[in-house]
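Values below: every heavy atom of this structure, side chains too, minus hydrogens, waters and symmetry copies. Since the model is a prediction, treat every value here as computed from it, not as a measurement. Indexing begins at 1, ligand by ligand and atom by atom, following the structure's order.
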Amino acid sequence: MRTPVMAGNWKMFKTARQAAETIRSLVEAVKGVQGVEVVICPPFTALSAAVDAAKGSLVAIGAQDCYWEKEGAFTGEVAVPMIADLGCGHCIVGHSERRQFFGETDATVDKKVEAVLAHGLTCIACVGETLQEREASQTFAVLERQVRNGLTRHLSSPRLIIAYEPVWAIGTGKTATPAQAQEAHAFIRQVAAQASSAAAAQAVRILYGGSVKPDNVAQLMAQPDVDGGLVGGASLDAVSFAKIVRFRG
Ligand code: PGA
């Protein structure tokens with residue numbers, strides 16, 4: 001009942017030309033796929049070329065971050081209406097790299113998610129614990145804090161997607177086991193039910209992120225609360241990401 005989503009986060013990789021080439025290949029490679037939403041999030045500078053290359057296909061294009069004000073004196077920032085104007089339908093918010101390196105907090109996540117949803121885009125909001133937090137048995141406390149403080153007001157929106165990304169699994173080749181992913185996803189859904197409603201918690205898609213690859217995606221997707229993937233490294237190559245999109249085989 002929850003349509004799976006496979007989203008590629010390209011981080012700070014690819015020029016506009018490279019992005020367009022990869023997306024053209026991806027469009028060919030996922031032709032005929034049904035029952036999966038496919039999203040690619042290139043850097044801001046490649047969004048326009050990416051939208052052009054994906055036109056008429058099932059591949060949607062999204063941004064990796066945004067600012068919450070709709071315009072103003074905020075040097076270097078990009079507003080949600082500007083992202084929407086390019087033809088993007090999605091925006092990632094609160095990625096752990098933004099939290100770790102660029103001062104993103106639960107409070108700024110809340111404001112950004114609000115802005116993304118208010119302008120009619122789908123928001124992929126990220127949560128996840130660090131290795132230190134997991135080793136200190138704080139995983140559930142961290143996830144609960146991030147969901148409650150950053151997402152509570154938005155949980156009933158059908159355009160909110162949550163991504164669970166354990167920081168220790170991102171870019172490390174160390175994927176969470178399917179059981180670890182399921183445990184965290186079920187917990188997030190339980191917190192969402194308490195913070196919002198049972199119906200909202202049942203409806204919200206929760207993606208797993210952190211070293212998702214063609215050879216581990218099927219096991220992750222077999223978990224009842226895993227509704228898709230947020231894929232970094234393996235999304236940069238059209239062939240490998242297409243295999244992930246075709247996780248059903
Ligand atoms: P990874 O990145 O797939 O390269 O681990 C995931 C992410 O950061 O979204």
Atoms in ligand 1 with a heavy atom of Gly171 nearer than 4.0 Å: 1 (P), 4 (O), 5 (O)
Donor-acceptor pair, side chain of Trp10 and main chain of Ser235, under 3.5 angstrom: yes
Any donor-acceptor N/O pair, His95 side chain to Cys126 backbone, under 3.5 Å: no
Ring geometry between Phe74 and Tyr67 (parallel below 30°, tilted from 30 to 60°, perpendicular above 60°): tilted
Minimum non-hydrogen distance to atom 4 (O) of ligand 1, winning option of Gly233, Gly209, Ala169, Gly8: Gly233
Expected output: side-chain Arg246 to main-chain Ala29 donor-acceptor under 3.5 Å: yes
Met12 vs Pro43 side-chain heavy atoms within contact, under 4.5 Å: no
Residue and atom name of the nearest protein heavy atom (relative to atom 9 (O) of ligand 1), distance in Å to one decimal: Glu165 OE2, 2.7 Å
Those atoms of ligand 1 less than 4.0 Å from some heavy atom in Lys11: 2 (O), 7 (C), 8 (O)
Proximal ligand 1 atoms for His95, defined as those under 4.0 Å from one of its heavy atoms: 7 (C), 8 (O), 9 (O)
Backbone N/O of Arg2 and side chain of Arg205: donor-acceptor pair under 3.5 Å: no
For atom 3 (O) of ligand 1, the option (of Gly210, Cys41, Gly232) bearing the nearest heavy atom: Gly232
Proximal atoms of ligand 1 relative to Ser211 (non-hydrogen, under 4.0 Å): 1 (P), 3 (O), 5 (O)
